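Contents: one structure, followed by commentary.
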Amino acid sequence: MQDLVLDRPIVQKYGGTSVGTLERIQNVAKRVAEQYRQGQRQIALVVSAMSGETNRLVELVSGINPHSSLRNYDMAVSAGEQVAVALMAAALEKEGLPSLGLLAYQLGIFTDSLHSKARIREIDCQRLYQCWADGIVPVVAGFQGVTENLEITTLGRGGSDTSAVALAVALNAAVCEINTDVDGFYTADPRVVPDARLVEEMDFEVALEMASLGSKVLHTRCVELGAKFHMPIIVRNTFTPNDHQRTIIMNLSTQRKLEAPVVSGVTLDRNVVRLSVTQLPARGGMIAAVFDTIAASGVNVDIIVHNKQENSDSMRIGFTIGSADLVRTRALLESWCRDQGGNISCEAAEGLAKVSVVGLGMQSHPGVASRVFSVLENEGVAIHMISTSEIKISCVVAERDGDKAARILHRAFIEEEVR
Ligand code: ASP
Ligand code: MG
């Protein structure tokens, strides 16, 4: 099928597996050349490093010095994209399309100076406009940025999705296409829930929840950017023809939101740890002090429960964090508890998972939460913690129950399509 030719720029991002071999790079170049010949002249490509390459570079740095400065880390791990950009530009030339590879410092993708998790501040698009005026297809390095002082930064693992959407916003592009190795967003992870199906249109709000709840399709920050600037994002599989199923993430109209299914997706996050602080004196400032301690280390806290311990003047706070942050957070909290004196103590529970149902329809359907709980409890899945918002209900369950919980919720809310 011929893709629609748009009179505004389009950004196409190709991820690591899409450029994982020379043959794949050449296939991408063929697709782009075809679109160019059909009249799509303003195309900007964003590429990731070839699959496995960034991991290899990370291992090299930590192999030499696990405590290396993040400046060295960024300089090393951003190198994978440099190679991929040059190879893609060379492949386009072979297809007869003049092309120009551009690294972040050459284009001007300016970020703050938070090495290894920098945020984009501004993108200078001049060279891209010049490329298009000269009939050249630019290929931009994803994942990397540059500070005002010309220091190399990276945006965090998986960050080239964010590079692509930020570039699309800067160019006022018609759409940002993310080419990857899955067809798009599914109602659940098909490896866990075999009956999961592709969602063809998804509102930004739902996509944001799905991305941050651990469906690894997109870098969460890229969805945030898309939502903030109303930039439609197409997620599609590089290895399928142009008319194959795909997901488009955009602002659904109010009407469509009203008609949205109650639940659009079920997610499962297996990397959940619960920390609890007990015997906390029930006086002002204590809760803030606990969370200040954690926030100072940059760790994200998710579900929080707080209660007063019976027959005493003390409180108990429980909260979840990602398991990757456990060692650091526990060490911080233990030392904080010691500094406080008294009986304050902290304990961790591992072996947990978080299962969530997400959907716009929940806003207008009362009783979704109670149904989630009864579906889980009727099947013998014990719920440890709960959090709810207008479009999401999350339950922390034992990790061994995680897959089952996702499957039964998917069956109850999606396969049986409650409306
Ligand atoms: N190459 C980088 C990574 O592996 C960025 C990306 O692929 O999005 O994290
Ligand atoms: Mg990725």
Side-chain angles (χ1 to χ4, degrees), residues 1-15 18-19 22 24-48 81-82 84-109 120 122-144 160-180 222 225-226 229-244 246-250:
M1 188 190 80
Q2 172 157 336
D3 253 7
L4 220 55
V5 174
L6 302 164
D7 60 2
R8 272 165 60 199
I10 61 171
V11 173
Q12 293 186 349
K13 180 246 167 178
Y14 291 91
S18 308
V19 298
L22 298 189
R24 288 178 177 181
I25 294 177
Q26 202 63 54
N27 286 340
V28 169
K30 287 199 167 80
R31 172 172 190 251
V32 175
E34 176 70 16
Q35 292 180 347
Y36 189 86
R37 292 198 181 98
Q38 286 167 3
Q40 184 67 56
R41 289 297 142 85
Q42 299 182 325
I43 308 180
L45 301 188
V46 173
V47 295
S48 300
E81 272 69 14
Q82 174 160 346
V85 159
L87 296 181
M88 183 60 77
L92 288 166
E93 281 167 3
K94 192 167 159 190
E95 295 303 316
L97 271 194
S99 169
L100 184 72
L102 292 164
L103 301 179
Y105 79 89
Q106 294 174 310
L107 179 61
I109 302 180
I120 297 176
E122 204 188 315
I123 301 181
D124 180 352
C125 297
Q126 281 319 313
R127 291 193 75 171
L128 301 183
Y129 297 131
Q130 194 56 53
C131 280
W132 291 332
D134 298 340
I136 290 170
V137 176
V139 184
V140 178
F143 185 50
Q144 47 176 259
S160 51
D161 294 339
T162 297
S163 309
V165 176
L167 189 62
V169 169
L171 287 166
N172 190 23
V175 65
C176 181
E177 191 184 86
I178 307 279
N179 291 278
T180 178
C222 101
L225 269 180
F229 295 99
H230 309 291
M231 175 56 61
I233 301 172
I234 291 178
V235 183
R236 69 177 291 281
N237 193 331
T238 309
F239 308 106
T240 58
N242 283 335
D243 58 356
H244 192 75
R246 56 179 69 189
T247 300
I248 173 153
I249 305 167
M250 60 186 177

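This is a predicted model, so every value here is computed, not measured. Nothing fancy with the numbering, it's 1 onward along the sequence.
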Has [X] got a side-chain atom pairing as donor or acceptor with [Y]'s backbone, closer than 3.5 angstrom?
X: Asn179; Y: Thr238; answer: no
X: Ser48; Y: Ser160; answer: no
X: Arg8; Y: Asn172; answer: yes
X: Ser163; Y: Phe143; answer: yes

Locate the shortest heavy-atom distance separating [X] from [Y]; write the atom from each residue and the value.
X: Glu81; Y: Ala141; answer: CB-CB, 4.0 Å
X: Tyr129; Y: Ala170; answer: OH-O, 4.2 Å
X: Cys222; Y: Thr162; answer: N-OG1, 3.2 Å
X: Val165; Y: Met231; answer: CG1-CG, 4.4 Å
X: Val28; Y: Ser18; answer: CG2-O, 3.6 Å
X: Ala174; Y: Ile10; answer: CB-CG2, 4.4 Å

Do the side chains of [Y] and [X] get nearer than 4.5 Å, heavy atoms only?
X: Glu122; Y: Ile109; result: no
X: Asn237; Y: Thr180; result: no
X: Val85; Y: Leu45; result: no
X: Trp132; Y: Leu171; result: yes
X: Asp161; Y: Lys13; result: yes
X: Arg236; Y: His244; result: no
X: Val11; Y: Val140; result: no
X: Arg24; Y: Phe239; result: yes

Subject >> Residue of the set Arg41, Gln12, Lys30 for which side chain to side chain donor-acceptor pair (under 3.5 Å) holds with Gln35 >> reply: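 By the side chain to side chain donor-acceptor pair (under 3.5 Å) criterion, Gln35 pairs with just one of Arg41, Gln12, Lys30: Gln12.
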Which pairs of donor and acceptor atoms, one on a side chain in residues 86-107, lie under 3.5 Å apart (sequence neighbours left out)?
from	atom 1	to	atom 2	distance (Å)
Glu95	OE2	Gln26	NE2	2.9
Ser99	OG	Val137	O	3.0
Gln106	OE1	Leu103	N	2.9

Original post:
Any side-chain donor-acceptor pair under 3.5 Å between Tyr36 and Arg31?
Top reply: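 On atom types as modelled, these side chains do not qualify, holding no pair under 3.5 Å.
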Original post:
Is there a donor-acceptor contact under 3.5 Å linking the side chains of Gln38 and Glu34?
Top reply: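 There is such a pair between these side chains.
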Rounded to the nearest 0.5 Å, how far apart are [atom1] of [X] and [atom2] of [Y]?
X: Arg246; Y: Asn242; atom1: CZ; atom2: CG; value: 6.5 Å
X: Ile178; Y: Ile249; atom1: CD1; atom2: CD1; value: 8.5 Å
X: Met250; Y: Thr247; atom1: CE; atom2: OG1; value: 11.0 Å

